[in-house]
S.K.: 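There's a structure below that I have some questions on.
In the text below, chain A, chain B and the rest are named by the order of the sequence lines, each starting its count at 1.
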2 protein chains.
Amino acid sequence: MEDEIDLFRFFIREKGLRNTPEREEIIREIFATHDHFDVDELYLRLRQKGSKLSKASIYRNIPLIMTCGLIREVWHEDGHMHYEHIYGHHHHCHLRCVKCGKIIEFVDDTLNALEKNLEKKYHFKVLDHNLDVTGYCKGCIGARERKGPTSILGGY
Amino acid sequence: MEDEIDLFRFFIREKGLRNTPEREEIIREIFATHDHFDVDELYLRLRQKGSKLSKASIYRNIPLIMTCGLIREVWHEDGHMHYEHIYGHHHHCHLRCVKCGKIIEFVDDTLNALEKNLEKKYHFKVLDHNLDVTGYCKGCIGARERKGPTSILGGY
DNA sequence: TTTACTGCAAAAGGTTTGCATGGGT
DNA sequence: ACCCATGCAAACCTTTTGCAGTAAA
């Protein structure tokens, strides 16, 4: 945890910005769990702990926390963005169950080789990659078959 | 083009829904170009051709057109979703330049092998995968170096 | 004839922004 | 003292929805 804070302080100082208790509070809460998160969830967690931090401050600071390499966007779902920790984690990708929302993280080294190939082939400087695999998890495969194929249509 | 329409008609009939001129108009416009698209862009293209189609109808029909397998969501950028054709295309992934927005499509078969491994390892039924690789394209690598590393911060 | 589909406009929900206040440096 | 960062509320933008009219089957 202190590693993340130290990294952030260094980043802030180097950019000539200001360190504030609010900013550290946000980072501490983000890294208080190992899970993915979204803005609303983070805001509620802070509120429950008695924090007076505003959502606006979260929205204003997230780009900063991304830029310094602590977190990144992972996917857009249910109308809002979801984030995950980068710092202290191997770069990993996600299996997402579209039925129950379960997330399985996996590491795959072939993607690094792929990145290298792409850089060579297209003269591209790769910053990041994000592989999002969707489907049905073990527990939901049966449920899907019972409900029948039309269930995917929702309202239609 | 007629292939897409035929597939959609079959899908609609099978679901017991109704085929309308508006629905075919949307599909024809989507497949009028080979490019990725978003809702607003599609709406403006239709407008310019004199169509009276409403945005609401586009929003209401996109899930349907996704479900029948003609298009899919590719990424969320600039506050809205972007889509691409599936029908008649090999499953491909994207290199995206974060500076100029250039898109390079590439096909990579190792991802199919990866999918199979994931299915086996996690007892997962994979529906789709989406690999989004971001970075700087050939033309923007120089520009990035000239502007310096702080440019990525934008407003900050 | 039934009822799904459309257009319109309003609502909803996430994110951004203007402004006055407060606080880091 | 300067001016960046915050909280609040309003604004903004994309997407969804209620409703009344229209048209496909």
S.K.: Please classify the nucleic acid contact of A:Lys55 as base, sugar-phosphate, or nothing, using heavy-atom distances under 4.0 Å.
M.R.: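 Result for A:Lys55 = nothing.
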S.K.: Toward the 5' end of DNA chain D, which comes first, B:Asp78 or A:Leu53, by nearest nucleotide?
M.R.: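 Its nearest nucleotide being more 5', the pick is A:Leu53.
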S.K.: Just how far, in rounded Å, is P of C:dG13 from CG of A:Asp38?
M.R.: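 Rounded to whole Å, this separation is 15 Å.
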S.K.: Please tell me whether A:Asp128 and A:His91 have a donor and an acceptor in their side chains that are separated by less than 3.5 angstrom.
M.R.: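 Their side chains do contain a donor-acceptor pair, which is all the 3.5 Å distance test asks for.
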S.K.: Should B:Asn19 be listed as having a side-chain N or O under 4.0 Å from OP1 or OP2 of D:dA23?
M.R.: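 Indeed not, no polar side-chain atom of B:Asn19 lies that close.
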S.K.: Tell me: CG of A:Leu46 to C1' of D:dT6, nearest whole Å?
M.R.: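 Between C1' of D:dT6 and CG of A:Leu46: 14 Å.
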S.K.: Nearest nucleotide by nearest heavy atom, which residue falls closer to the 5' end of DNA chain C, B:Arg18 or A:Ile12?
M.R.: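 Its nucleotide being nearer the 5' end, the pick is B:Arg18.
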S.K.: Can you measure B:Glu24 atom CD to C:dT6 atom C1' for me and round it to whole angstrom units?
M.R.: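 Rounding to the nearest Å, CD of B:Glu24 and C1' of C:dT6 are 16 Å apart.
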S.K.: B:Asp40 near the nucleic acid: base, sugar-phosphate alone, or nothing, with a heavy-atom cut-off under 4.0 Å?
M.R.: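 Result for B:Asp40 = nothing.
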S.K.: Check this one for me: any side-chain N or O of B:Ser57 less than 4.0 Å away from OP1 or OP2 of C:dG7?
M.R.: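 Yes, such a contact exists.
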S.K.: What is the distance from CG of A:Leu64 to P of D:dC4, rounded to the nearest Å?
M.R.: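 So the CG-P distance, A:Leu64 to D:dC4, works out to 14 Å.
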S.K.: Specify the separation, in whole Å, of atom CD1 of B:Ile58 and atom C1' of C:dC8.
M.R.: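 The answer, rounded to whole Å, is 15 Å.
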S.K.: Mind telling me whether A:His94 and A:His36 have parallel, tilted or perpendicular rings, with 30° and 60° as the class edges?
M.R.: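 Rings of A:His36 and A:His94: perpendicular, as their planes differ by over 60°.
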S.K.: State which of D:dT6, C:dT15, C:dA9 makes the closest approach to the side chain of B:Ala56.
M.R.: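 The nucleotide sitting nearest to the side chain is C:dA9.
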S.K.: Whole angstroms only, please: what is the CD-P distance between A:Glu77 and C:dG13?
M.R.: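 Distance check: A:Glu77 CD to C:dG13 P gives 17 Å.
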S.K.: With respect to B:Tyr83, which candidate in B:Phe31, B:Phe37, B:Trp75 satisfies the ring pair (Phe, Tyr, Trp, His ring centres under 6.0 Å) definition?
M.R.: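 Answer after filtering B:Phe31, B:Phe37, B:Trp75: B:Phe37.
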S.K.: The side chain of A:Tyr59 lies closest to which of these nucleotides: D:dG18, C:dG14, D:dG7?
M.R.: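 The answer is C:dG14.
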S.K.: Between B:Thr20 and C:dT6, does any side-chain N or O lie under 4.0 Å from OP1 or OP2?
M.R.: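 Answer is yes, contact under 4.0 Å.
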S.K.: Does A:Arg23 make a side-chain donor-acceptor contact with the base of C:dG24, cut-off 3.5 Å?
M.R.: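 Donor-acceptor pair under 3.5 Å: no.
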S.K.: Mark yes or no: B:Lys99 above the aromatic ring of B:Tyr136, with NZ or CZ under 6.0 Å from the six-membered ring centre and no more than 45 degrees from the axis.
M.R.: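 No, B:Lys99 and B:Tyr136 do not form such a contact.
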S.K.: Start at the 5' end of DNA chain C and walk down; is the nucleotide closest to A:Met81 or to A:Glu22 reached first?
M.R.: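 Upstream on the strand: A:Met81.
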S.K.: Please compare B:His80 and A:Ile26 by the position of their nearest nucleotide in DNA chain D and report the one closer to 5'.
M.R.: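 Its nearest nucleotide being more 5', the pick is A:Ile26.
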S.K.: Are the side chains of A:Phe8 and A:Ile26 in contact, using a 4.5 Å heavy-atom criterion?
M.R.: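 Sidechains of A:Phe8 and A:Ile26: no contact.
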S.K.: Atom NZ of A:Lys52 and atom P of C:dG23: how far apart are they, to the nearest Å?
M.R.: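 From A:Lys52 NZ to C:dG23 P: 15 Å.
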S.K.: Calculate the interatomic distance between B:Lys15 atom NZ and C:dT3 atom C1'; express it in whole Å.
M.R.: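 It is 19 Å, rounded to the nearest whole Å.
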S.K.: Among C:dC8, D:dA24, C:dT17, which nucleotide has an atom closest to any side-chain atom of B:Ser54?
M.R.: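 Of the options given, the side chain of B:Ser54 lies nearest C:dC8.
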S.K.: Is the base of C:dG24 touched by the side chain of A:Arg13 through a donor-acceptor pair closer than 3.5 angstrom?
M.R.: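 No, no donor-acceptor pair under 3.5 Å.
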S.K.: Decide whether B:Ile30 and B:Leu44 are clustered together by the hydrophobic rule: side chain heavy atoms of Ile, Leu, Val, Met, Phe, Trp, Tyr closer than 4.5 Å, transitively.
M.R.: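 Linked, B:Ile30 and B:Leu44 end up in one cluster.
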